There are 2 protein chains.
Amino acid sequence: MDTGSILKLDNQLCFAIYACAREFTKLYHPLLKELGLTYTQYITLLVLWEEDRITVKHLGTRLYLDSGTLTPLLKKLEAMGLVTRERDRQDERSVIIALTEQGILLKEKALDIPEQLICQAGVSPTEAAGLHAQMTELLKKVQAQQQVT
Amino acid sequence: MDTGSILKLDNQLCFAIYACAREFTKLYHPLLKELGLTYTQYITLLVLWEEDRITVKHLGTRLYLDSGTLTPLLKKLEAMGLVTRERDRQDERSVIIALTEQGILLKEKALDIPEQLICQAGVSPTEAAGLHAQMTELLKKVQAQQQVT
DNA sequence: CCCATTTAGATTGCATACAATTAAATTTAT
DNA sequence: ATAAATTTAATTGTATGCAATCTAAATGGG
């Protein structure tokens, strides 16, 4: 890559990732609309369907999101009747998020989504798995650099 | 991958991409702050440094963004004195974005950024190139699916 | 025990993103 | 030519994201 092309948009890995993330989110949109969820609400529930009754802090660690994003989002999910928010008795600083009956039931409707999505994107399972491994590794690397400087 | 793990967050390619995009943007933040730019403003200028005097439509095609995002962003860049916005005389529907003298000069300060970023992320050039090619291919595929359904 | 430090959430302010709609200009079909 | 369809931006409304700050609670060293 010559010096003149360093700043070219189409040579930038970060941009490809950034644009891809948004295009993927748009692909999710019609599927999630049927469940009445946004993408961020959906991934929040993905975590809760794996491990229920967790703190906002832990949710943030899993999702790479902070309380500035999560607090309003969780209040929304609470208003929708999908989760409850309650202070931890053991540590009053923490807030514990738990699924409601309705939140648990919604999982059934969501089971088809990953399959449908991958099919729509037209990626082979092998390709998806390889890319997933690489992206996860890159994610760890980039995150590890956040506090170094 | 068994049935039970389909909905697991850490098995989702889209989430890895989405989280990676955000972590990358955070890594850019201190570097771009010195230029007084946000990431989206930065990539908009990347396009203009490649091809000046283009329409909002073309900018949107390059960046995968629509006028809902670009119009306020371009007004901001205009207020910062980096670009001008004027209707196309040949086609009054279009608005042509052009760099100002100041906008052109900013390119010099931005030249180091891609290098610094890649170094910070700790990715080898080979690895970055391979991943970039795969992500670009995936981006095209996902985008191509947007109007199919 | 007590004060300084740390930690967890909430809040504020700013900047995206994007769906949906609107308005104006251009193109197309008849 | 002219009405209908299409195209381009702008606007509106909703939902993130995140830096920076604030508050309350817990922790830890002296």
Side-chain angles (χ1 to χ4, degrees), chain A residues 15 18-33 36-44 54-80 83 85-97 143 146-147 149, chain B residues 15 18-33 36-44 54-61 63-80 85-97 143 146-147 149:
Chain A
F15 174 72
Y18 158 81
C20 201
R22 288 187 291 109
E23 290 300 304
F24 253 123
T25 305
K26 282 187 234 176
L27 212 53
Y28 268 103
H29 191 261
L31 299 177
L32 292 176
K33 198 173 183 178
L37 296 174
T38 64
Y39 181 71
T40 318
Q41 290 165 0
Y42 168 69
I43 58 174
T44 301
I54 55 178
T55 62
V56 173
K57 174 72 180 174
H58 182 64
L59 208 39
T61 304
R62 292 291 309 271
L63 298 172
Y64 300 82
L65 290 171
D66 67 5
S67 68
T69 302
L70 286 175
T71 297
L73 186 143
L74 291 167
K75 283 182 178 173
K76 190 70 186 291
L77 289 179
E78 186 183 36
M80 291 162 72
V83 307
R85 299 162 61 244
E86 50 174 338
R87 287 278 162 190
D88 185 342
R89 292 284 175 78
Q90 265 65 51
D91 185 341
E92 290 278 344
R93 291 172 303 181
S94 299
V95 168
I96 295 185
I97 308 299
Q143 192 201 18
Q146 297 296 349
Q147 39 273 8
T149 320
Chain B
F15 174 72
Y18 159 81
C20 200
R22 286 187 292 108
E23 290 300 304
F24 254 124
T25 305
K26 281 187 235 175
L27 213 53
Y28 268 103
H29 191 260
L31 299 177
L32 292 176
K33 198 172 182 179
L37 297 174
T38 64
Y39 181 71
T40 318
Q41 291 166 0
Y42 168 69
I43 58 174
T44 301
I54 54 177
T55 63
V56 173
K57 175 69 180 175
H58 182 64
L59 210 38
T61 304
L63 298 172
Y64 299 82
L65 290 171
D66 68 5
S67 68
T69 301
L70 286 175
T71 296
L73 186 144
L74 291 168
K75 283 181 178 174
K76 191 68 184 294
L77 289 179
E78 185 182 36
M80 292 162 72
R85 298 163 62 244
E86 49 173 340
R87 287 279 162 188
D88 185 344
R89 292 286 174 77
Q90 265 67 50
D91 185 341
E92 290 278 345
R93 288 173 303 183
S94 299
V95 167
I96 295 185
I97 308 299
Q143 191 200 21
Q146 297 297 349
Q147 39 274 5
T149 322

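Here the structure is a predicted model, which means the values were calculated and not measured. Just so it is clear: chains get the letters A, B, ... in the order the sequence lines come, proteins before strands, and each one is counted from 1.
- In this structure, A:Ile54 atom CD1 and C:dA8 atom C1' are separated by 14 Å, rounded to whole Å.
- Among the protein residues, A:Leu70 comes within range of no part of the nucleic acid, since none of its heavy atoms lies under 4.0 Å from any strand.
- What separates CG of B:Leu32 from C1' of C:dC14 is a distance of 16 Å, to the nearest Å.
- Nucleotide C:dG9 holds its P atom 9 Å from the CG atom of A:Leu59, rounded to whole Å.
- Within the 4.0 angstrom heavy-atom criterion, base atoms lie near B:Thr69.
- Among the nucleotides C:dT16, C:dA19, C:dT6, the one closest to any side-chain atom of A:Arg93 is C:dT6.
- Using a cutoff of 4.0 Å between basic side-chain nitrogens and carboxylate oxygens, B:Lys75 and B:Glu78 are not scored as salt-bridged.
- B:Arg22 and A:Leu63 make their closest contact through NH2-O, 2.9 Å (heavy atoms, listed as atom of the first residue, atom of the second, distance).
- For A:Ser67 and C:dA10, a side-chain-to-base donor-acceptor distance below 3.5 Å is present, hydrogens and geometry of angles not being considered.
- The residue among B:Arg87 and A:Thr40 whose nearest nucleotide of DNA chain D lies closer to the 5′ end is B:Arg87.
- Scanning all heavy atoms of the two residues, the minimum distance from B:Glu23 to A:Gln146 falls at O-NE2, 2.7 Å.
- The residue A:Thr55 sits close only to the backbone: its heavy atoms come under 4.0 Å of sugar-phosphate atoms, none of a base.
- You'll find the side chain of A:Leu59 reaches within 4.5 Å of the side chain of A:Leu74, heavy atoms only.
- Atom CG in A:Asp66 sits about 15 Å away from atom P in C:dT12, given to the nearest Å.
- The CZ atom of B:Arg89 sits 10.0 Å away from the CD1 atom of B:Ile96 when rounded to the nearest 0.5 Å.
- Between A:Thr55 and A:Ser94, the shortest heavy-atom contact is CG2-CB, 4.0 Å.
- Among the protein residues, B:Glu23 comes within range of no part of the nucleic acid, since none of its heavy atoms lies under 4.0 Å from any strand.
- Taking five base pairs at each end of the helix from C:dC1-D:dG30 to C:dT30-D:dA1 and finding the rotation axis that steps the C1' atoms of four pairs onto the next four gives two axes whose angle is 20°, to the nearest 10°.
- Read 5' to 3', the first and last nucleotides of DNA chain D with an atom closer than 4.0 Å to a heavy atom of chain B are D:dT7 to D:dA20.
- One finds the OG1 atom of A:Thr38 at 7.5 Å from the CG atom of A:Leu32 (value rounded to the nearest 0.5 Å).
- Taking only side-chain nitrogens and oxygens, B:Tyr39 never comes nearer than 4.0 Å to OP1 or OP2 of C:dA15.
- Take the nearest nucleotide of DNA chain C for B:Leu65 and for B:Asp91: the residue whose nucleotide is more 5' is B:Leu65.
- For the pair A:Leu73 CG and C:dT11 C1', the computed distance is 16 Å after rounding to whole Å.
- Residues A:Arg22 and A:His58 both approach DNA chain C. Their nearest nucleotides, taken by heavy-atom distance, put A:His58 toward the 5′ side.
- Contact between B:Leu37 and B:Gln41 at its shortest, heavy atoms only, is CA-OE1, 3.5 Å.
- In this structure, NZ of B:Lys76 is placed 13 Å from P of C:dA17, rounded to the nearest angstrom.
- To the nearest 0.5 Å, atoms OH (A:Tyr64) and OG1 (A:Thr69) are separated by 15.5 Å.
- Not one side-chain nitrogen or oxygen of B:Lys33 sits closer than 4.0 Å to the OP1 or OP2 atom of C:dC14.
- Atom C1' of nucleotide C:dA10 and atom CD of A:Glu92 are separated by 15 Å, given to the nearest angstrom.
- Looking at every heavy atom in both residues, A:Ser67 comes nearest to A:Pro72 through O-CD, 3.9 Å.
- Per the geometry, CE belonging to B:Met80 stands 9 Å off P belonging to C:dA15, to the nearest Å.
- For C:dC18, neither phosphate oxygen OP1 nor OP2 lies less than 4.0 angstrom from any side-chain nitrogen or oxygen of A:Thr25.
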